[in-house]
J.: 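Could you have a look at this structure, given as structure tokens, before my questions?
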Amino acid sequence: MEPGIFLDKIEAGSFSPYMGVPCSVFTPLLNYLNKSGRESYACTSEGEAMGLAGGFALAGRLPVVYMQNDGYGNAVNPLSSLQLLYKLPALLLISWRGFPGKKDAAQHMLMGETIEDFLKIFKIPYKVLNEEDGNLDKAISEAKNHCSKNGTPYAFIIKKGYFSKSDEKAEVVKSDLKIRINFLDVLKSFLKSTDVLMGTTGFTGRELYSYLEHPGKFYMTGSMGCLSSVGLGVALENKDKRVFLLDGDGAVLMKMGGLVTVGSYSPENIIHICFDNNTYESTGDQPTLSKGINLAEIAKASGYRETLEIDSPVKFKAVLETIDDTEKPVFILVRIKSGTMEGLPRPEDTPEEMKNKFGDFLKGS
Ligand SMILES: Cc1ncc(C[n+]2csc(CCOP(=O)(O)OP(=O)(O)O)c2C)c(N)n1
């Protein structure tokens, strides 16, 4: 399906504007949308997108919310106590990662199996869109009828490959000093064998896994935005270890309250590094809302004892040389560009194996 045709048809059904958090299934659609100048809003979490959609619906619009099926979890609370309670319509575009029987990353499998059940439990009618059926026109008219009759959301579930790749690709800058792996290279040389290294979902965690040989590493595949909280729990229980948290701007924004919790309990062993490329790089480089805001200042106001901002591996090296004397928790904002290694692998270990290895490391066995 051509992204432009899809959007034209949706808008002919009176649905707009667009808002949400990206998924790679929507990369061609979102990259087209972002360049097309149509009314759209990047949101920090799917729950927040439902709130925004609720506001537009109150004002008489028929908003469209796009989300990964993993993000449906974030949307559930406003869906139950805003959209379904007040009867506020929306068209939900939900990706179908973890489609039963198809190989996909481990974190998608449970939501892949259950997304239809979730919608059924919430009595949200839906259509699975298939390019082969050519059922889009029918689905849009059903969605429109449902929204005007019942006033509640209708969902399209969309599988990988539904959208044809457009030429409207976000620009990805590779082989540049300002990409994450060059900072990981610097970090490598400062690590002690007792250090804990934890990485957020997406490319950051995958790079940590494939690029840094270190016994105490943990890749949080999924649970986007929870790194600061998971890291806080680990840090509070392991005060003798330095805990490096490798985060992304999209993930920090998704659960920004986590900064306040870390700042409030202020363990003296957290080194929170946020790689800020102003995009959701892992899902195709759609812009986040970090451009124009300063996450280091937010961390400072949230109670981190020290915050630093750097934009080159050389400056990162200087920061790490004195890191043991720096007050903690420290938040290091690393301004980078998007770009990762070709064919970045996914970890071969299962999540349970990762958990067991990490647990053994923490126990010292
Ligand atoms: C709740 C939820 N919503 C959406 C996604 C899809 N997703 C995976 S990685 C990612 C981008 C993360 O962005 P950021 O933290 O800035 O890191 P970057 O990809 O730029 O390295 C997104 C949106 C997800 N995994 N979970």
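Counting begins at 1 with the first residue of the sequence. Both counts, for ligands and for their atoms, begin at 1 and track the order of listing.
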J.: For this output row, return yes or no: ring centroids of Phe156 and Phe15 closer than 6.0 angstrom.
T.: no
J.: At under 4.0 Å between heavy atoms, is it the side chain or the backbone of Met67 that contacts ligand 1, or both, or neither?
T.: neither
J.: Mind checking whether Phe316 and Phe275 have parallel, tilted or perpendicular rings, split at 30° and 60°?
T.: perpendicular
J.: For ligand 1, note which part of Glu281 has a heavy atom under 4.0 Å away: side chain, backbone, both or neither.
T.: both
J.: Among all protein heavy atoms, pick the one closest to atom 16 (O) of ligand 1 and tell me residue, atom and distance.
T.: Gly250 N, 2.7 Å
J.: Run the numbers on Ser45 and Asn74 for side chain to side chain donor-acceptor pair (under 3.5 Å), then give the verdict.
T.: CA-CA 7 Å; Ser45 86; Asn74 282 340; 4.9 Å; no
J.: What do we get for Thr200 next to ligand 1 when only non-hydrogen atoms under 4.0 Å count, side chain, backbone, both or neither?
T.: neither
J.: Tell me whether Arg97 is salt-bridged to Asp70, with the criterion being a basic N under 4.0 Å from an acidic carboxylate O.
T.: no
J.: So Phe122 and Tyr72, would you call those rings parallel, tilted or perpendicular, with 30° and 60° as cut-offs?
T.: perpendicular
J.: Among protein heavy atoms, which sits nearest to atom 15 (O) of ligand 1, and what does the distance come to when rounded to 0.1 Å?
T.: Ala251 N, 2.9 Å
J.: Quick test: of every protein heavy atom, which one is nearest to atom 13 (O) of ligand 1, and how far off is it to 0.1 Å?
T.: Tyr280 CD2, 3.6 Å
J.: Have a look at ligand 1 and work out which part of Val252, if any, has a heavy atom under 4.0 Å from it: side chain, backbone, both or neither.
T.: neither
J.: Thr204 heavy atoms, cut-off 4.0 Å: which ligand 1 atoms fall inside?
T.: 21 (O)
J.: For atom 17 (O) of ligand 1, which candidate among Cys226, Ser95, Ser45, Gly248 holds the nearest heavy atom?
T.: Gly248
J.: Is the Phe358 ring parallel, tilted or perpendicular to the Phe361 ring (thresholds 30°, 60°)?
T.: parallel
J.: Who's the nearest protein heavy-atom neighbour of atom 19 (O) of ligand 1, and how far?
T.: Ser282 OG, 2.5 Å
J.: Have a look at Met254, Gln286, Gln107, Arg180 and point out the one with the heavy atom closest to atom 21 (O) of ligand 1.
T.: Arg180
J.: Quick one: nearest non-hydrogen protein atom to atom 7 (N) of ligand 1, plus distance?
T.: Thr283 CG2, 3.6 Å
J.: Return yes or no for this condition: an N or O of Gln68 is under 3.5 Å from an N or O of ligand 1.
T.: yes
J.: Have a look at ligand 1 and work out which part of Asp249, if any, has a heavy atom under 4.0 Å from it: side chain, backbone, both or neither.
T.: both
J.: Crowded around Lys138 NZ? As in, over 12 foreign heavy atoms under 6.0 Å?
T.: no
J.: Heavy atom of Pro22 under 4.0 Å from ligand 1?
T.: yes
J.: In terms of the angle between their ring planes, are Phe163 and Phe6 parallel, tilted or perpendicular, with boundaries placed at 30° and 60°?
T.: perpendicular
J.: Could you give me the CA-CA distance, side-chain angles and deciding distance for Ser24 and Thr283, then say whether side chain to side chain donor-acceptor pair (under 3.5 Å) is met?
T.: CA-CA 4 Å; Ser24 58; Thr283 51; over 6 Å; no
J.: Within ligand 1, which atoms have a heavy atom of Asn277 less than 4.0 Å away?
T.: 20 (O)
J.: At a 4.0 Å threshold, what atoms of ligand 1 neighbour a non-hydrogen atom of Asn74?
T.: 1 (C)
J.: Can you tell me how the ring of Phe56 sits relative to the ring of Tyr41, calling it parallel under 30°, perpendicular over 60° and tilted otherwise?
T.: tilted
J.: One thing to verify: whether Glu207 and Arg180 come together as a salt bridge, which I'm taking to mean a side-chain N less than 4.0 angstrom from a carboxylate O.
T.: yes
J.: Considering heavy atoms of the protein only, find what lies nearest to atom 26 (N) of ligand 1 and give residue, atom and distance to 0.1 Å.
T.: Met224 CB, 3.6 Å
J.: Quick one: nearest non-hydrogen protein atom to atom 3 (N) of ligand 1, plus distance?
T.: Glu46 OE2, 2.6 Å
